[in-house]
Protein chains: 2
Amino acid sequence: MLNETLTAAPRTCGDCPIRHRAVCARCEADELEQLDKIKYYRNFEAGQTVIWSGDPMDFVGSVVSGIATLTQTMEDGRTQMVGLLLPSDFVGRPGRGAAAYDVVATTDLVMCCFRKKPFEQMMNETPHIAQRLLEMTLDELDAAREWMLVLGRKTAREKIASLLSIVARRNATLHLGMRDGPMQFVLPLTREAMADYLGLTLETVSRQISALKKDGVIRLEGKRNVTVPDFDRLLAEAGDDSDGGMLV
Amino acid sequence: MLNETLTAAPRTCGDCPIRHRAVCARCEADELEQLDKIKYYRNFEAGQTVIWSGDPMDFVGSVVSGIATLTQTMEDGRTQMVGLLLPSDFVGRPGRGAAAYDVVATTDLVMCCFRKKPFEQMMNETPHIAQRLLEMTLDELDAAREWMLVLGRKTAREKIASLLSIVARRNATLHLGMRDGPMQFVLPLTREAMADYLGLTLETVSRQISALKKDGVIRLEGKRNVTVPDFDRLLAEAGDDSDGGMLV
DNA sequence: CGCGAACCTTGATGCAGATCAATTGAAGGT
DNA sequence: ACCTTCAATTGATCTGCATCAAGGTTCGCG
């Protein structure tokens with residue numbers, strides 16, 4: 001793994017790595033205390049399923065560390081990823097009793113779960129939570145729409161470049177303060193997961209990654225360590241204009 | 001048009017056809033009065049652009065009657081529809097200064113607009129609005145994810161069937177109380193708009209509609225009037241199981 | 001060290017849908 | 001009734017990605 005993520009749960013909300021980005025970001029000390037009473041941590045191993053679509057779901061929660069995917073499956077087995085859950089992302093929908101999607105841990109995963117009933121209660125009483133959740137949901141909706149353009153109109157090569165630039169950008173903003181020069185990051189997904197993300201087959205994903213490597217757009221060490229020597233080049237390959245969809 | 005939609009704005013919120021489904025659905029009488037002070041109606045003709053992506057936007061609002069589309073465009077002209085706005089749907093994002101997408105009226109359109117600043121103010125003060133907006137945004141997110149499966153994994157024929165079943169279902173719930181027997185509705189989109197919706201070309205849309213007609217899945221009067229003799233058959237063609245993604 | 005299981009790469013072939021192109025049909029204007 | 005315009009249909013051909021198939025690589029485990 002890239003950074004030695006603590007696989008253990010944080011002791012208190014004060015220690016929590018997602019304290020200022022998750023659904024609790026706006027909460028005051030007293031509100032955190034309330035949340036503390038209804039929360040519990042759960043750990044999942046890479047590959048484990050967190051919930052199956054259709055299963056009753058008596059909690060909602062936040063990804064603390066690790067990565068999970070949200071996927072939809074048709075009866076004949078075709079699957080499409082519809083969400084990529086990173087630390088601080090929210091899982092579940094207040095007011096809904098059953099899971100709408102499969103949630104699968106792709107790396108070891110720590111979740112901060114809230115019992116659903118009391119959480120819904122709190123949402124009605126403390127506007128800070130509902131406000132933050134609205135903001136996060138609007139962001140997710142924007143991301144989903146960006147993704148729809150990728151799925152509907154981009155070529156396989158552009159799709160791969162788009163995915164890489166998303167992961168690269170996230171890594172840059174998250175980790176180091178975006179020093180320029182070659183960016184490096186670890187791809188958190190298998191070729192198959194990337195295919196499910198992009199509406200492709202895993203063979204096509206593999207071929208296009210090889211092609212981008214051959215053309216010098218990316219460099220690879222092993223199968224997962226990616227270096228991007230020229231980020232603007234990557235954005236151009238993704239079909240994005242160079243300042244890449246940064247809307248305020 | 002299907003039903004003689006009033007192209008004029010309603011006199012008061014009490015008359016308003018979307019009173020109980022829009023962002024104001026949960027508001028009490030006094031809250032409506034407040035909203036009334038910051039709202040104004042705008043009319044658009046079919047084909048007119050409501051806002052261009054990137055333009056400053058000093059209002060948010062609801063579709064009162066008519067249909068609009070949300071689209072994204074790449075520099076080379078490829079476009080993807082990312083939202084289909086029906087009566088009661090919300091346009092704009094509180095807290096954002098510029099439009100993120102092109103909004104185009106596909107039929108004559110009436111919008112109920114709120115000046116952005118005071119609307120944001122009200123959102124902070126009256127939880128009823130923020131609550132309803134959260135609920136609507138979560139619904140839109142679900143719809144977007146459903147749509148991602150369509151874009152990423154369905155065949156052209158399945159895509160068309162999916163779109164038809166969405167329009168059919170909406171029409172059924174909206175209009176008559178879902179009397180079974182053959183459903184009928186008017187397609188509110190041109191072949192090109194359907195293509196933009198589904199990530200196809202307009203030729204493919206045309207061919208697949210002809211094929212569905214030939215196979216008796218749908219019947220057509222003119223180019224826009226669709227009859228569906230057997231809705232379950234249509235759902236099967238869409239690749240949905242027969243109770244079609246009705247999650248609570 | 002050798003074996004098996006995931007995961008990935010690469011090649012050959014086929015097909016669904018894009019592209020290019022021509023025609024038809026319907027609605028509005030004069 | 002005729003012309004223009006815009007939307008839709010239909011045909012012919014091309015191509016990007018899927019599909020089918022055969023290795024290759026890496027890693028854990030006996």
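When reading the values below, keep in mind they use all heavy atoms of this one structure, side chains included, and skip hydrogens, waters and symmetry mates. Naming: A, B, ... by sequence-line order, numbering from 1 per chain.
- Here the side chains of T71(A) and V82(A) are not in contact, with every heavy-atom distance at 4.5 Å or above.
- A heavy-atom distance below 4.5 Å is found between the side chains of Y41(A) and V110(A).
- Side-chain contact check for L164(A) versus L234(A): some heavy-atom pair is nearer than 4.5 Å.
- A salt bridge links D142(B) with R96(A): the distance from a Lys NZ or Arg NE/NH1/NH2 to an Asp or Glu carboxylate oxygen falls below 4.0 Å.
- Using a 4.0 Å cut-off between charged side-chain N and carboxylate O, R145(A) and E140(B) make a salt bridge.
- A salt bridge is defined here as a Lys NZ or Arg NE, NH1 or NH2 lying under 4.0 Å from an Asp or Glu carboxylate O, and D215(B) with R233(B) fails to meet this definition.
- Atom CZ in R191(A) sits roughly 13 Å away from atom C1' in dT26(D) (whole-Å rounding).
- Residue E192(A) contributes atom CD, which lies 15 Å from atom C1' of dT9(C) at whole-angstrom precision.
- The stretch residues 152-162 of chain B touches DNA chain C through T155(B), A156(B), each having a heavy atom under 4.0 angstrom from the strand.
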Only distances under 3.5 Å count here; give the side-chain donor-acceptor pairs of residues 193-205 of chain B to other protein atoms, sequence neighbours excluded, each with its distance to 0.1 Å.
from	atom 1	to	atom 2	distance (Å)
D196(B)	OD1	R153(A)	NH2	3.3
D196(B)	OD1	T79(B)	OG1	3.1
D196(B)	OD2	T79(B)	OG1	3.1
T201(B)	OG1	T204(B)	N	3.3
T201(B)	OG1	T204(B)	OG1	3.0

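- Heavy-atom distances under 4.0 Å link DNA chain C to G199(B), L200(B), T201(B), E203(B), T204(B) of residues 193-206 of chain B, given in residue order.
- Looking at heavy atoms from C-beta onward, K223(A) lies out of side-chain contact with L187(A) at the 4.5 angstrom threshold.
- Per the geometry, CG belonging to L220(A) stands 11 Å off P belonging to dT10(C), to the nearest Å.
- Taking 4.5 Å as the limit, some side-chain heavy atom of V91(A) sits within range of a side-chain heavy atom of L85(A).
- Under the 4.5 Å side-chain criterion, counting only non-hydrogen atoms from C-beta, D108(B) is not in contact with Q48(B).
- Contacts between residues 207-214 of chain B and DNA chain D, defined by a heavy-atom separation below 4.0 Å, involve R207(B), S210(B), listed by number.
- With values rounded to the nearest 0.5 angstrom, W147(A) atom CH2 is found 7.0 Å from Q80(A) atom CD.
- Between its two ends, the helix from dC1(C)-dG30(D) to dT30(C)-dA1(D) turns its axis by 30°, counting five pairs per end and rounding to 10 degrees.
- Salt-bridge formation is not detected for the pair K159(B)/E237(B): no Lys NZ or Arg NE/NH1/NH2 atom is positioned less than 4.0 Å from an Asp or Glu carboxylate oxygen.
- Looking at D139(B) and R93(A), a side-chain N of the basic residue comes within less than 4.0 Å of a carboxylate O on the acidic one, giving a salt bridge.
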For nucleotides 26-29 of chain C, which of its nitrogen or oxygen atoms have a protein nitrogen or oxygen under 3.5 Å away, and what is each distance?
none

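- The closest side-chain heavy-atom distance from D240(A) to K154(A) is below 4.5 Å.
- For the pair I160(B)/L212(B), a side-chain contact is recorded, criterion being any heavy-atom separation below 4.5 Å from C-beta on.
- The distance between atom CZ of R78(A) and atom P of dA16(C), rounded to the nearest whole Å, is 13 Å.
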